[in-house]
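Below is one structure, written out as structure tokens; the observations come after it.
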2 protein chains.
Amino acid sequence: MRERNKISEKQRNILRFMEGFIDQKGYPPTIRQIGEAVGIDSTSVVNYNLNKLVQAGYLERTGRTSRGIRLVKSSGSRRLSVNPAYNTPRVPLIGQIVASAPVSIPDDMGHHFDEESLIEVPASMLNGVDPSEVFALKVKGDSMIDAMISDGDIVLLRRQDAVKDGDMVAVWLDERGETTLKHFFAEGQRVRLQPAHPTMSPIYVDAAHCHVQGRVLSVLRPSV
Amino acid sequence: MRERNKISEKQRNILRFMEGFIDQKGYPPTIRQIGEAVGIDSTSVVNYNLNKLVQAGYLERTGRTSRGIRLVKSSGSRRLSVNPAYNTPRVPLIGQIVASAPVSIPDDMGHHFDEESLIEVPASMLNGVDPSEVFALKVKGDSMIDAMISDGDIVLLRRQDAVKDGDMVAVWLDERGETTLKHFFAEGQRVRLQPAHPTMSPIYVDAAHCHVQGRVLSVLRPSV
DNA sequence: TTTGACATAGAACGAGCGTTCTTTTACAAT
DNA sequence: ATTGTAAAAGAACGCTCGTTCTATGTCAAA
């Protein structure tokens, strides 16, 4: 493999223009649009430089296809995408966990929720779970401190009532009248709820009086 | 505003096809490609349905422009984008925080790092900070437990040595020979490092013997 | 000076592709 | 029965756009 990864200033301009164009319009530019943007008067010259960029590994092209150019590597200056179609998964932030109140999960979840309350999450935080099954709750107060979760954290949960032993779950406890996050272990008629903090003791509750609201997938702590 | 937000099965198929096509190819399909995919034999019928989708708020179109269709709202079943050009900000995961070892930050950071070690983070976790100034560290062990950070957490830091009082920072302590995460308060010649956990006591160190490696922006706890 | 790779221009070809127009069918409302 | 509207088909028009070919200029190596 020869050393052909160096690209010219002009070619870098092409990349930058393409990133902005795609981000703004949602589709790639044509050869002529690229030429006009970076000051090349001939379509063949644009074509020539595009092929150079393909050789250098920055682009892929689809022959004889209008706008058939795809970015495969960034030019270095990465901006934030404003095009919602291409963003990370979003999940609805449907409320708060407050120790003294149950979590109410709307039944029609997954179909239409408030556009306002959708938050972005990185795909890696979902562990392969379909984003439409996931919701988020904001932790209010320090009641989850024994689960290593502090005030302001955002907890990502998968809506499910059947859970495996060891799963971290959000459970509503009838006896205490509160929701907590604990590791779940079924032990006969009873359920052992183990705090994440290793020095803290588990609590035991009757299986009939503990309602699993969802399994915790991950925790986000924004802007510490 | 009339109730025109209901879309037909055929129109939903168009949306789904478009999402997959764009995600896979990097550019939107043509009218004829849509027609072939969803079983419409006439370009005018595709055009008709596309305009319906525009009315319903799912699409935007650019007149007389090849592939001039843009998704503005998802069809509900969101998949993960595989096209790197459109993704969330990525930051390099450059190492681990182990209590017994300092964090070594490469000097040429921000120019070229291992493609492998880039991790996605939601823009909201960066709080406006330029992603190129951010790096990530994986927490190894439970030494940060007093900062409400547990084993396996990923800490996002902004590379900086000048910090404000109250910032959560990663500091290397000469005396202890370890790195910790604490809230930073300058107090004359000394520095007060306050654990995040409210019940724990601060530690005081000489300002000359404490080296700030970066400011903590946020914490991710994947796959609890 | 000659050679040859590289970069650029310009033009022309032909397929790609959005648009529009005319018809036809289905179905509910009048 | 008539009217009106939504949905669909097919064809034709004309601009869009990638491709290709020829020509010109540059510059370093031979």
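Considering only side-chain N and O atoms, A:K52 lies nowhere under 4.0 angstrom from the phosphate OP1 or OP2 of C:dC6.
For residues 32-39 of chain A, proximity to DNA chain D is found at A:R32, defined as any non-hydrogen atom under 4.0 angstrom from a strand atom.
Both A:S66 and B:N49 lie near DNA chain D, and the one whose nearest nucleotide falls closer to the 5' end is B:N49.
Nearest nucleotide to the B:I31 side chain, out of C:dG18, D:dT19, D:dA9: C:dG18. Distances were taken from every side-chain heavy atom of A:R61 (C-beta onward) to each of D:dT19, C:dA7, C:dG18; the shortest belongs to D:dT19.
Here the closest heavy-atom approach between residue B:A170 and residue B:V216 is recorded as N-CG2, 4.4 Å. Contact detail for A:R221 and A:I149: the closest heavy-atom pair is NH2-CA, 4.5 Å. Considering all non-hydrogen atoms of both residues, A:F21 and A:Q33 come closest at CZ-OE1, 3.5 Å. The shortest non-hydrogen separation linking A:P222 to A:I154 is CG-CD1, 4.2 Å.
Contact annotation: the side chain of A:I22 never approaches that of A:Y27 to less than 4.5 Å [non-hydrogen atoms, C-beta and beyond].
With sequence neighbours excluded, the residues satisfying side chain to side chain donor-acceptor pair (under 3.5 Å) with A:N13 are A:R16. Residues that satisfy the side chain to side chain donor-acceptor pair (under 3.5 Å) test with B:T65, not counting sequence neighbours, are absent from this structure. Listed by chain and residue number, nothing satisfies the side chain to side chain donor-acceptor pair (under 3.5 Å) test with A:H209 (two or more places apart in sequence, or in another chain). With sequence neighbours excluded, the residues that form a side chain to side chain donor-acceptor pair (under 3.5 Å) with A:R61 are A:N47, A:N51.
The CD1 atom of A:I14 sits 12 Å away from the P atom of C:dA7 (whole-angstrom rounding). Distance B:Y27 OH to D:dG18 C1': 12 Å, rounded to the nearest Å. Per the geometry, CD belonging to B:Q55 stands 10 Å off P belonging to D:dA7, to the nearest Å. Atom CG in B:L59 sits roughly 13 Å away from atom P in C:dG18 (whole-Å rounding). For A:N13 and C:dT8, the CG to P distance is 12 Å, given to the nearest whole Å. Rounded to an integer number of Å, the gap from CZ of B:F21 to C1' of C:dC17 is 13 Å. If you measure from atom CG of B:N51 to atom C1' of D:dA7, you get 14 Å, rounded to the nearest angstrom. In this structure, the CZ atom of B:R67 is 11 Å from the P atom of C:dG16, given to the nearest Å.
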Quick one, give me the B/S/- string for nucleotides 20-26 of chain C, reading 5' to 3', where B means a protein heavy atom under 4.0 Å from the base and S means that only happens at the primed atoms, P, OP1 or OP2. BB-----

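Using a 4.0 Å heavy-atom cutoff across all strands shown, A:G68 reaches no nucleic acid atom at all.
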